[in-house]
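Since the structure comes first, as structure tokens, the remarks are kept for the end.
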Number of protein chains: 2
Amino acid sequence: MVTETKTDRRILRTKEAINKAFLELFTEKELEQITINDISERANVNRGTIYLHYTDKYDLLDKCIEDHLSNMFVACSVSIDFNRDKIDLIDELTSVFDYFEANFLFFSAMISTQRTSVFRERMLQIVVANLNEKLDQRDIHRSMNKELIVQFTASAFVGTTEWWIRNHMPHSPQYMAEQLWKLFEKHDVYAR
Amino acid sequence: MVTETKTDRRILRTKEAINKAFLELFTEKELEQITINDISERANVNRGTIYLHYTDKYDLLDKCIEDHLSNMFVACSVSIDFNRDKIDLIDELTSVFDYFEANFLFFSAMISTQRTSVFRERMLQIVVANLNEKLDQRDIHRSMNKELIVQFTASAFVGTTEWWIRNHMPHSPQYMAEQLWKLFEKHDVYAR
DNA sequence: GCGAAGTTGTCGCATATGGAACAAAACCGC
DNA sequence: GCGGTTTTGTTCCATATGCGACAACTTCGC
């Protein structure tokens, strides 16, 4: 059963404005320098309203990360299809990198700060969960340890992505997807 | 006495969103094709809320025009100064054209439709009012009919501006200001 | 022409947000 | 260290907006 509660339009608008403002500020100054005042002004929202949704700026940062990562997750698992083949998977990978590219500012900001580790860990978690689900859907454990496959693939993916972002995305999403796919294929993880 | 009432942040936000959405739609379809539904969706605002501020889409269009024109007015009369000279006036003219340039989409949309006349008339009114005020401040009626000066200058200004916008702003605001100034000067309207 | 679907104004009520004030805490310059 | 300023949470009350419903009207395919 899927929970089917539409959230009030005002809430969505407000959260979006706050997120946007926070992200902008995040690319301009260090987290410690950002005040709730800054955020409320930039977002054109009453200061009190921010406390209605977030306990403090750290909570805001966490939820911001959570938000983007789950968006990414949604953006990439659009085309879930059980009889897919290699091409499909490359497409999916490409759409993930497209998402990164479209939100370069956010990811870049997340990675170039002391708080990187929080972000990286959370991202790893998400990817691991995602992979587990996929591997369950297709039944290709073979002789290999599933846990190990997941950890291997996830770390490789997150690490490579981080490198890609840190270096200002020197390749196109398409290219990244293809290259990564080849590497995964080599390790006989997803290959049929 | 200046009325000093701050309007609620929510109202400003809402109006801005509606204006923006309406303008976008205006550049995409004919006014008749635009529904209140369209606007509310695009602006991410409840349909009823629109009726809170505008009676219908024609009212919205009018207020939208009014808004932009008064903004333009404000943007250009920043530097009102009684002992100004030629340079000041060129600067002021330039800032007007800057405003047009910055809001190209709006003005372009306003001019390329059947409803142009409404817009042109209103703009003419504004410019005439503005000119009257200026001419009153400086006392240079000389032997000429003030009414006539105003009408002449205003029509010339509005017409030239319309041409400039219609042709996708082929010259820089600075250039336009200088050229227009020279023309006015030739007709001995403002010259000292 | 007719019925279906969409649009328009307009309600009532619920609720998210604004604004202002406040005390406590944190952050300054000196 | 100390006084002034800024920031932080929190409060109460007012109000703008959301949501859903409604009847009247228009649009449009057939």
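Proteins get letters first, then strands, A, B, ... in listed order; numbering begins at 1 in each.
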Considering only nitrogen or oxygen atoms on both sides, find all protein atoms under 3.5 Å from nucleotides 12-15 of chain C and state each distance.
unit_1  : atom_1 : unit_2 : atom_2 : d
dT15(C) : O2     : R10(A) : NH1    : 2.9
dT15(C) : O2     : R10(A) : NH2    : 3.3

First contact, last contact: which nucleotides of DNA chain D are these for chain B, 5' to 3', heavy-atom distance under 4.0 Å?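 For DNA chain D, the relevant span reads dT15(D) to dA21(D).
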
[X] [atom1] to [Y] [atom2] distance, which is reported to the nearest 0.5 Å:
{"X": "K15(B)", "Y": "F22(B)", "atom1": "NZ", "atom2": "CZ", "answer": "15.0 Å"}
{"X": "Q33(B)", "Y": "E28(B)", "atom1": "CD", "atom2": "CD", "answer": "12.5 Å"}
{"X": "I11(B)", "Y": "R13(B)", "atom1": "CD1", "atom2": "CZ", "answer": "11.0 Å"}

Who passes side-chain contact (heavy atoms from CB on, under 4.5 Å) against T55(B), sequence neighbours left out?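 Applying side-chain contact (heavy atoms from CB on, under 4.5 Å) to T55(B) gives D59(B).
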
Round to the nearest Å and state the distance from [X] atom [atom1] to [N] atom [atom2].
{"X": "N44(A)", "N": "dG18(C)", "atom1": "CG", "atom2": "P", "result": "8 Å"}
{"X": "E16(A)", "N": "dA16(C)", "atom1": "CD", "atom2": "C1'", "result": "16 Å"}
{"X": "Q33(A)", "N": "dA26(C)", "atom1": "CD", "atom2": "C1'", "result": "14 Å"}

Give a yes or no on this: more than 12 heavy atoms of other residues, nucleotides or ligands lie within 6.0 Å of atom CD of E16(A).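 Incorrect, the count does not exceed 12.
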
Would a hydrophobic clustering, with Ile, Leu, Val, Met, Phe, Trp and Tyr connected at side-chain separations under 4.5 Å, put [X] with [Y]?
{"X": "W163(B)", "Y": "Y99(B)", "value": "yes"}
{"X": "Y58(B)", "Y": "I18(B)", "value": "yes"}
{"X": "Y175(B)", "Y": "L183(B)", "value": "no"}
{"X": "F26(A)", "Y": "L105(A)", "value": "no"}

Members of residues 17-25 of chain B that approach DNA chain D, where some heavy atom sits under 4.0 Å away: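 Contacting residues: none.
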
Pair L61(A), M110(A) - check side-chain contact (heavy atoms from CB on, under 4.5 Å), show working. CA-CA 10 Å; L61(A) 177 63; M110(A) 281 307 139; 3.4 Å; yes

Given axes from five pairs at either end, by how many degrees does the helix from dG1(C)-dC30(D) to dC30(C)-dG1(D) bend, rounded to 10°?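 Roughly 70° between the end axes, to the nearest 10°.
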
F119(A) and side chain to side chain contact (heavy atoms under 4.5 Å, CB included): which partner among V158(A), D62(A), I111(A), L124(A)?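 In the set V158(A), D62(A), I111(A), L124(A), the residue that makes a side chain to side chain contact (heavy atoms under 4.5 Å, CB included) with F119(A) is I111(A).
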
Side chain to side chain contact (heavy atoms under 4.5 Å, CB included) partner of R47(B), chosen from N37(B), I39(B), T35(B):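 Filter result, single survivor: N37(B).
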
Describe, in one word, how the ring planes of F104(A) and H168(A) are oriented to each other, choosing from parallel (under 30°), tilted (30 to 60°) and perpendicular (over 60°).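 F104(A) and H168(A): tilted rings.
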
With no hydrogens and no angle check, is any side-chain donor or acceptor of K20(A) less than 3.5 Å from a backbone partner on R42(A)?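 No, K20(A) side chain to R42(A) backbone: no donor-acceptor pair under 3.5 Å.
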
Tell me whether the OP1 or OP2 atom of dT17(C) has a side-chain N or O from H53(A) closer than 4.0 Å.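 Answer yes for this pair, as a side-chain N or O of H53(A) is under 4.0 Å from OP1 or OP2.
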
What I want to check is whether the side chains of E178(A) and Q174(A) have a donor and an acceptor closer together than 3.5 Å.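 Indeed, the side chains of E178(A) and Q174(A) share at least one donor-acceptor pair under 3.5 Å.
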
When you compare the protein's N or O atoms with those of nucleotides 7-11 of chain C, which come within less than 3.5 Å of each other, and at what distance?
unit_1 : atom_1 : unit_2 : atom_2 : d
dT7(C) : OP2    : N37(B) : ND2    : 3.3
dT8(C) : OP2    : I36(B) : N      : 3.1
dG9(C) : OP2    : Y51(B) : OH     : 3.3
dG9(C) : N7     : R47(B) : NH1    : 3.1
dG9(C) : O6     : R47(B) : NH2    : 3.2

